[in-house]
Amino acid sequence: AQTVTQSQPEMSVQEAETVTLSCTYDTSESDYYLFWYKQPPSRQMILVIRQEAYKQQNATENRFSVNFQKAAKSFSLKISDSQLGDAAMYFCAYADSGTYKYIFGTGTRLKVLA
Amino acid sequence: NAGVTQTPKFQVLKTGQSMTLQCAQDMNHEYMSWYRQDPGMGLRLIHYSVGAGITDQGEVPNGYNVSRSTTEDFPLRLLSAAPSQTSVYFCASSRQGGWTGELFFGEGSRLTVL
């Protein structure tokens, strides 16, 4: 069975600094997607970034980028120039393109210090 | 632009009562799913559906029923609520044709079972 592990329950970063959130996963499938979702205090789940497993190039979205290491089954999120609005719970997620099942990690709470 | 609509947003039940969490989407998405979010456990898949008339179990299906009679609606039924079902519930949808894996979430429903 697929699993997603986020080993950092909480992280802090100074405003304007860079922070990296870790995620590892386990799967025997070759075709899948990986995601980072943000959940601010409003509770709304917001897609931050998506990575297709068949793409070697790391995905980027403005200040957000990933380090996708397929062989190591690692998928970390880097947030550059951190802003107060980045404070939220971040969830790493895996999706199997064959079964459409999604597996979420337990989340990392990010605090941004002014 | 409604997206995914969940009702109610808050509900308090007594043990043994039944209720239905409603979920509707207006994006013509084939895929719909229900998750529960508990502290320290991330989001766990309860049930999902890949189209009208088709449903399947996720990771934690016990105590919950679903049906999918239309593309738009995917209600989640609790037949006899238990305190262990106290949680925040999210409905999410995704298109399957040209699947990108992105889930669109409702705003969540907080359920308390006394």
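Quick note on labels: first sequence line is chain A, next is B, and so on, each numbered from 1.
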Just one of B:Q22, B:Q11, B:K9, B:Q6 clears the side chain to side chain contact (heavy atoms under 4.5 Å, CB included) bar with B:S109, so which one?
B:Q6

Ring-ring centroid check A:Y37 B:F105, cutoff 6.0 Å
yes

For A:A16, give me all partners under side-chain contact (heavy atoms from CB on, under 4.5 Å), at least two apart in sequence or on another chain.
A:D81

Given a strict heavy-atom distance threshold of 4.5 Å, which part of B:S33 is in contact with chain A: side chain, backbone, both, or neither?
neither

Quick check on A:Q39 against chain B: is it the side chain, the backbone, both or neither that has a heavy atom closer than 4.5 Å?
side chain

Residue pairs passing the salt bridge (charged side-chain N to carboxylate O under 4.0 Å, His left out) test with at least one member in residues 6-20 of chain A, sequence neighbours excluded, are A:E10-A:K111

Contact part of B:L43 toward chain A, heavy-atom cut-off under 4.5 Å: side chain, backbone, both or neither?
both

Is it the backbone or the side chain of B:Q37 that comes under 4.5 Å from a heavy atom of chain A, or both, or neither?
side chain

Does any backbone or side-chain atom of A:R43 lie under 4.5 Å from a heavy atom of chain B? Answer side chain, backbone, both or neither.
both

Is it the backbone or the side chain of B:F90 that comes under 4.5 Å from a heavy atom of chain A, or both, or neither?
side chain

Scan side-chain atoms only and decide if A:T3 and A:D26 contain a donor-acceptor pair under the 3.5 Å cut-off.
no

Measure B:R110 against the heavy atoms of chain A and call it side chain, backbone, both or neither at under 4.5 Å.
both

If one checks every heavy atom of A:Y32 against chain B at 4.5 Å, the contacting part turns out to be neither

Salt-bridged, B:R68 to B:D73, with N to O below 4.0 Å?
no

